[in-house]
Number of protein chains: 2
Amino acid sequence: MSLLLNTSLFLSTHVNKIDGKGRVSFPASFRAALAARSSQGVVIFKSLHETALEGFTIERLHQMAQALEQLPPFSAQRTALETAIFANTQELAIDKEGRCSLPKDLAALVGITNNEVAFVGKGSTFQIWEPSAHAAALKSATDAVKSGDVEFPKLTGLV
Amino acid sequence: MSLLLNTSLFLSTHVNKIDGKGRVSFPASFRAALAARSSQGVVIFKSLHETALEGFTIERLHQMAQALEQLPPFSAQRTALETAIFANTQELAIDKEGRCSLPKDLAALVGITNNEVAFVGKGSTFQIWEPSAHAAALKSATDAVKSGDVEFPKLTGLV
DNA sequence: CATGAAATCCCATGATATCCCATGCCATCC
DNA sequence: GGATGGCATGGGATATCATGGGATTTCATG
């Protein structure tokens, strides 16, 4: 079986079409990653720093919720974080054919208008981009690494 | 009920209309969250710091009562919190169609006049806002997090 | 009691979302 | 290289949801 279908990581970039009903195929390898994690599903929200949507597993969102529970109720910090995170987050339901329907408001936020969506693997999370915007972002990220502005951290736990 | 909604968290922002009889649809995903928590019901009270109503499950209100029990009896802090929270708390009954009717006094407190209500997910609780007031609050919360004024507590054990 | 106001039940409707079946493409395997 | 199967995609049928309104019940008050 293909490596990509056998890992719990979200990898590679998949560009799929939105059909007349607003549905998009959620990439098969991402579905496999969800299954490998025994995940109940995914949520998406607007990225704070990029013109993209962030995709998390529901389990990860629950972890974030638990972390926020450590903060004092009604404190300014907790309120701001809860609002910024949860008020914009939506569950991305995946149907039996492996498709999802992107909420129109979120799709509009990242400039998806031409019925094409790029699902971008980020390891334990993923992102959703308008394809050409992602191509541009990818180029600038690559350039940053090439030029040495950005370095890779040490790997730990290597054998 | 939709079984595709797989989280017990209150997520996203849902703006619904109040009809001629004062009824509003309680968002379906919130109803699913209640079911996932096997909750007995929901209460609301005026937010301590925001122009909004706080929505809690009755179970969570009990937790909060317990937390207040930790404080010294008759201390100023305890008295103030108990009064501010419990004295203003009302049940939010949800009918068979999934609608609720907002108590008029509480609706008026948060400036709901144009027959539109925003139900805002906050993870394990939710809030009720006048929609445009919430849009402003959301922006300032998002900006605070973006700018780094507010930091997220560390997550542990992520894969 | 009687009565009006308000709340609740019950049914209807349009829009949207989901289910289910079908097709076409591409890679892999024999 | 023809067959097979996974995957992306399309469309009709069906279910869900937010919303509206009539009818019935509840309830406080005269």
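Because the structure is predicted, anything quoted here is derived from the model rather than measured. In what follows, every chain begins at residue 1, and chains take the letters A, B, ... in the order their sequences are listed.
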### Task
Produce a footprint string for nucleotides 20-29 of chain D: one letter per nucleotide, 5' end first; B if the base is under 4.0 Å from any protein heavy atom, S if only the sugar-phosphate is, - if neither.
BBBB------
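When distances are taken from the side chain of N16(A) to each of dA7(C), dT9(D), dA18(D), the shortest belongs to dT9(D). Comparing atom distances between the A93(A) side chain and each of dT19(D), dC9(C), dT18(C) picks out dT18(C) as nearest. Closest approach to the S25(A) side chain among dT9(D), dT18(C), dA18(D) is made by dT9(D) (side chain taken as heavy atoms from C-beta onward).
When ring centroids are compared, H14(A) and F30(A) come within the 6.0 Å threshold. Annotation: F126(B) is not in aromatic contact with F56(B) [ring centroid separation under 6.0 Å not met]. With ring centers used as reference points, F119(B) lies under 6.0 Å from F26(B).
Taking only side-chain nitrogens and oxygens, R31(A) comes nearer than 4.0 Å to OP1 or OP2 of dA8(D). Phosphate contact (OP1/OP2 of dT16(C), side-chain N/O of S101(A), threshold under 4.0 Å): absent.
A donor-acceptor contact closer than 3.5 angstrom links the side chains of Q127(A) and E50(A). Side-chain contact, T79(B) with Q77(B): no donor N or O sits under 3.5 Å from an acceptor N or O.
Rounded to an integer number of Å, the gap from CG of D105(A) to C1' of dT16(C) is 14 Å. The NZ atom of K96(A) sits 19 Å away from the P atom of dA8(D) (whole-angstrom rounding). Atom CG of D95(A) is separated from atom C1' of dA8(D) by 12 Å (rounded to the nearest Å). Whole-Å rounding puts the I94(B) CD1 to dT8(C) P distance at 12 Å. Straight-line distance from the NE2 atom of H14(A) to the C1' atom of dC26(C): 16 Å, rounded to whole Å. Protein atom CZ of F119(B) is 14 Å distant from nucleotide atom C1' of dC17(D), rounded to whole Å.
Residues T83(A) and V120(B) form no side-chain contact, since every pair of their non-hydrogen atoms from C-beta on lies 4.5 Å or further apart.
Between E97(A) and R23(A) there is no salt bridge, since none of the side-chain N atoms of the basic residue sits less than 4.0 Å from a carboxylate O of the acidic one.
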